[in-house]
Participant: 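Take a look at the following structure, please.
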Amino acid sequence: VDRVMSGAGLEDDVPIEHRIVTRSIQSAQSQVEAQNFEIRKNVLKYDDVLNRQRHVIYEERRRVLEGEDLHEQMRFFINDVVESYIDAETGEGYAEDWDLDRLWTALKALYPVSLTPDQVVDAAGGLSGLSSDRLKEELMSDAHTAYDGREEALTPEVMREVERRVMLSVLDRKWREHLYEMDYLREGIGLRAYSQRDPLVEYQREGYELFNAMMEGIAEESVGFLFNLDVQVEAAEEAEEPQLTAKGLGGEKKPQALSYSAPSEDGEAEVRGDSATASAETPEAEARRQANAKNKARQKAKQQRKSRKNNR
């Protein structure tokens, strides 16, 4: 077009009216619009993966906020977590090869175990009679007994409230970490095309694995908090419900004063930073916190992909 206009000596403000030029412009415009449509459609496919996960989490969160009884769900969490611990330790080899002391150490960090490895082995008639199913039966029963004792100590009403607060706190934190991991996964998923793999399929598959890992983490941390949380019930006035406080749940942490030493213009060391500067730099501190959380999510995603690759 530029060559034709230059050869004909036309001015820049003269409109171009010709069927060939019009068809060329329409063809180029339709191709660009089709390309942009495919890009938007592809972005929606990626967003749909996270949207389906969001529906599951928000539905679970809505149940908690509406005050639904989580008693049965917590018992299911206990079964699921104890079973996963046992499967991880007893998945390979015979009973003689299992490290029961390591299994008990992990379980004691989860809930107060009342059994000992020797008691379980003696009840099974020795290591030769010990099986993974026998371990699950004994330890699940012990965990539910500990749960009943915890409920009796706190009263059922307080226990239901603790369950809801624990669930809500763990759910929110794990979901935020999961969003960081999905963002990191989305950033580099396009490189899978170089290995002749569909990036969308890979994103769906790894996103599903990350979501399952998050749900397992929610169950594990919820059970750990439920048994190990320091719960205090404060008496309230009449016509008011008693106030429940638990360390580690609820309440936002106030920004702490940050001080550090650095060389001054004279070359001498000086201490910088105080409470005033810390409060004034709250937005920057929040940005650093989010950046650190993203870096942790990226490192965690790398470790998970490396472990999956090794398992294959």
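Worth knowing before you read on, the calculation uses all heavy atoms, side chains too, and leaves out hydrogens, waters and symmetry mates. These numbers come from a predicted model, not from an experiment. We count residues from 1, following the sequence as given.
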Participant: State yes or no: do Tyr194 and Tyr203 share one hydrophobic cluster built from I, L, V, M, F, W and Y residues joined by side-chain heavy-atom distances below 4.5 Å, directly or via other members?
Facilitator: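 Cluster IDs for Tyr194 and Tyr203 differ.
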Participant: I'd like to check Arg205 versus Asp198 (side-chain heavy atoms, cut-off strictly below 4.5 Å). Are they in contact?
Facilitator: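 They are not in contact (no side-chain heavy atoms under 4.5 Å apart), so the answer is no.
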Participant: Donor-acceptor check, side chain of Glu89 to backbone of Asp99, threshold 3.5 angstrom: yes or no?
Facilitator: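 Yes; judged by distance alone, with no hydrogens or angles, the pair exists.
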Participant: When you measure from the side chain of Trp175 to the backbone of Met214, do you find a donor-acceptor pair of N or O atoms at a distance under 3.5 Å?
Facilitator: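 No: the side chain of Trp175 does not pair with the backbone of Met214.
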Participant: Measure the spacing between CZ of Arg192 and CD of Glu202 and express it to the nearest 0.5 Å.
Facilitator: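 Answer for the CZ-CD pair, Arg192 versus Glu202, is 5.0 Å.
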Participant: Kindly give the heavy-atom pair with the smallest separation between His71 and Tyr147, and that separation in Å.
Facilitator: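 The pair with the smallest heavy-atom distance is ND1-OH, 3.1 Å.
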Participant: If you apply the rule side-chain contact (heavy atoms from CB on, under 4.5 Å), what do you find for Gln73 with Glu68, and how did you get there?
Facilitator: CA-CA 11 Å; Gln73 185 174 3; Glu68 187 172 327; over 6 Å; no
Participant: Are the side chains of Arg61 and Asp172 in touch, meaning some heavy atoms are under 4.5 Å apart?
Facilitator: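 In short, these two side chains touch, coming nearer than 4.5 Å.
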Participant: Rounded to the nearest 0.5 Å, what separates atom OH in Tyr85 from atom CG in Leu110?
Facilitator: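 With rounding to 0.5 Å, OH (Tyr85) is 5.0 Å from CG (Leu110).
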Participant: Quick one: do Glu151 and Arg160 satisfy salt bridge (Lys or Arg N to Asp or Glu O under 4.0 Å)? Show the steps, please.
Facilitator: CA-CA 9 Å; Glu151 183 176 9; Arg160 301 290 86 78; 2.9 Å; yes
Participant: Check whether Ser141 reaches the backbone of Glu138 with its side chain - one donor and one acceptor, N or O, closer than 3.5 Å.
Facilitator: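 No; zero donor-acceptor contacts below 3.5 Å.
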Participant: Can you tell which of Leu226, Ile218, Val223 makes a side chain to side chain contact (heavy atoms under 4.5 Å, CB included) with Val170?
Facilitator: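 Output: one option passes, namely Ile218.
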Participant: Is the shortest heavy-atom distance from the side chain of Leu70 to the side chain of Phe77 under 4.5 Å?
Facilitator: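 Result no, sub-4.5 Å side-chain heavy-atom pair not found.
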Participant: Please name the pair of heavy atoms, one in Pro117 and one in Asp101, separated by the smallest distance, quoted to 0.1 Å.
Facilitator: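 Shortest heavy-atom contact: CG-OD1, 4.0 Å.
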Participant: Has the side chain of Gln119 got a donor or acceptor atom that lies under 3.5 Å from a matching backbone atom of Thr116?
Facilitator: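 Answer holds: yes.
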Participant: What's the separation between atom CD1 in Ile189 and atom CE in Met182, rounded to the nearest 0.5 Å?
Facilitator: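 It is 9.0 Å, given to the nearest 0.5 Å.
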Participant: As an exercise, state the distance from CG of Asp148 to CD of Glu152, rounded to the nearest 0.5 Å.
Facilitator: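 Here the interatomic distance stands at 8.5 Å.
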Participant: Between Lys136 and Val82, is the side-chain contact (heavy atoms from CB on, under 4.5 Å) condition met? List the steps.
Facilitator: CA-CA 7 Å; Lys136 292 176 183 178; Val82 172; over 6 Å; no
Participant: Please examine the side chains of Leu100 and Val120, heavy atoms only from C-beta on, and report whether any two atoms are closer than 4.5 Å.
Facilitator: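 Val120 vs Leu100: side chains apart.
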Participant: How long is the span from the CG atom in Asp122 to the CG atom in Leu127, to the nearest 0.5 Å?
Facilitator: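 Between atom CG of Asp122 and atom CG of Leu127 there are 9.5 Å.
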Participant: Is Met74 close to Val162 at the side-chain level, that is, under 4.5 Å between some pair of heavy atoms?
Facilitator: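 No; the side chains remain at least 4.5 Å from each other.
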Participant: I would like to know whether Asp48 and Arg52 meet salt bridge (Lys or Arg N to Asp or Glu O under 4.0 Å); could you show each step before the answer?
Facilitator: CA-CA 6 Å; Asp48 185 60; Arg52 291 198 299 267; 2.3 Å; yes
Participant: Should Glu72 and Arg75 be marked as a salt bridge (Lys or Arg N to Asp or Glu O under 4.0 Å) after you check the CA-CA gap, both sets of side-chain angles, and the distance that decides it?
Facilitator: CA-CA 5 Å; Glu72 292 299 328; Arg75 288 193 178 274; 5.2 Å; no
Participant: Determine yes or no for a side-chain-to-main-chain donor-acceptor pair under 3.5 angstrom, with Asn212 supplying the side chain and Glu209 the backbone.
Facilitator: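 Looks like no, no N/O pair under 3.5 Å.
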Participant: Is a side-chain donor or acceptor of Asp142 paired with a backbone partner of Val113 at a separation under 3.5 angstrom?
Facilitator: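 No: the side chain of Asp142 does not pair with the backbone of Val113.
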Participant: Calculate, to the nearest 0.5 Å, the distance between atoms CG and CE belonging to Asp69 and Met159 respectively.
Facilitator: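 Asp69 CG to Met159 CE: 11.0 Å, rounded to 0.5 Å.
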Participant: Any side-chain heavy-atom pair from His144 and Ile78 closer than 4.5 angstrom?
Facilitator: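 Side chain of His144 against side chain of Ile78, heavy atoms only: contact under 4.5 Å found.
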Participant: If you take all heavy atoms of Ser222 and Met167, which pair is closest and at what distance?
Facilitator: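 So the minimum-distance heavy-atom pair works out to OG-SD, 4.0 Å.
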Participant: A side-chain contact here means heavy atoms from C-beta on lying under 4.5 Å apart; do Glu181 and Leu185 qualify?
Facilitator: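 A side-chain contact is absent here, since even the closest heavy-atom pair is not under 4.5 Å.
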Participant: Within the side chain of Glu60, is there an N or O that forms a donor-acceptor pair under 3.5 Å with the backbone of Leu171?
Facilitator: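 No, Glu60 side chain to Leu171 backbone: no donor-acceptor pair under 3.5 Å.
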Participant: Applying a strict under-4.5 Å side-chain criterion to I, L, V, M, F, W and Y, I'd like to know whether Val56 and Phe76 cluster together.
Facilitator: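 In one cluster: yes.
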Participant: If Ile, Leu, Val, Met, Phe, Trp and Tyr residues are connected whenever their side-chain heavy atoms lie under 4.5 Å apart, and connections chain through other members, are Val64 and Tyr58 in the same group?
Facilitator: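 Result: yes, single cluster for both.
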Participant: Please name the pair of heavy atoms, one in Tyr111 and one in Ala143, separated by the smallest distance, quoted to 0.1 Å.
Facilitator: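 The pair with the smallest heavy-atom distance is CE1-CA, 3.6 Å.
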Participant: Apply salt bridge (Lys or Arg N to Asp or Glu O under 4.0 Å) to Glu59 and Arg63, showing your working.
Facilitator: CA-CA 6 Å; Glu59 177 64 23; Arg63 291 176 54 241; 5.8 Å; no
Participant: Trp104 and Leu115: which non-hydrogen atoms are nearest, and at how many Å?
Facilitator: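 In this case the closest contact between Trp104 and Leu115 is NE1-O, 2.9 Å.
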Participant: Give the C-alpha distance, both sets of side-chain angles, the deciding distance and a yes or no for side-chain contact (heavy atoms from CB on, under 4.5 Å) between Met215 and Ile57.
Facilitator: CA-CA 9 Å; Met215 297 302 290; Ile57 295 298; 4.0 Å; yes
Participant: For Met140, does its backbone N or O pair with a side-chain atom of Asn79 as donor and acceptor, under 3.5 Å?
Facilitator: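 No, the answer is negative, given that no donor and acceptor are paired below the 3.5 Å cut-off.
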Participant: So, are Glu137 and Arg134 salt-bridged, with charged N and O less than 4.0 Å apart?
Facilitator: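 No.
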Participant: For Glu206 and Val49: C-alpha separation, side-chain torsions, deciding distance, then whether side-chain contact (heavy atoms from CB on, under 4.5 Å) applies.
Facilitator: CA-CA 11 Å; Glu206 294 201 15; Val49 175; over 6 Å; no
Participant: For Glu96, look at atom CD and say whether over 12 heavy atoms of other residues, nucleotides or ligands are found less than 6.0 Å away.
Facilitator: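 Counting neighbours around CD of Glu96, more than 12 heavy atoms of other residues, nucleotides or ligands fall under 6.0 Å, so yes.
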Participant: Under 4.5 Å between side-chain heavy atoms, counting indirect links through other Ile/Leu/Val/Met/Phe/Trp/Tyr residues: same cluster for Leu191 and Tyr184 or not?
Facilitator: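 Leu191 does not cluster with Tyr184.
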Participant: What are the two closest heavy atoms between Leu200 and Tyr46, and how far apart are they?
Facilitator: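 Between these two residues, the closest heavy atoms are N-OH, 3.4 Å.
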Participant: Strictly distance-based, threshold 3.5 Å: is any side-chain N or O of Asn228 a donor or acceptor partner for the main-chain N or O of Gly224?
Facilitator: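 Indeed, once roles are kept as given, a pair shorter than 3.5 Å links the two residues.
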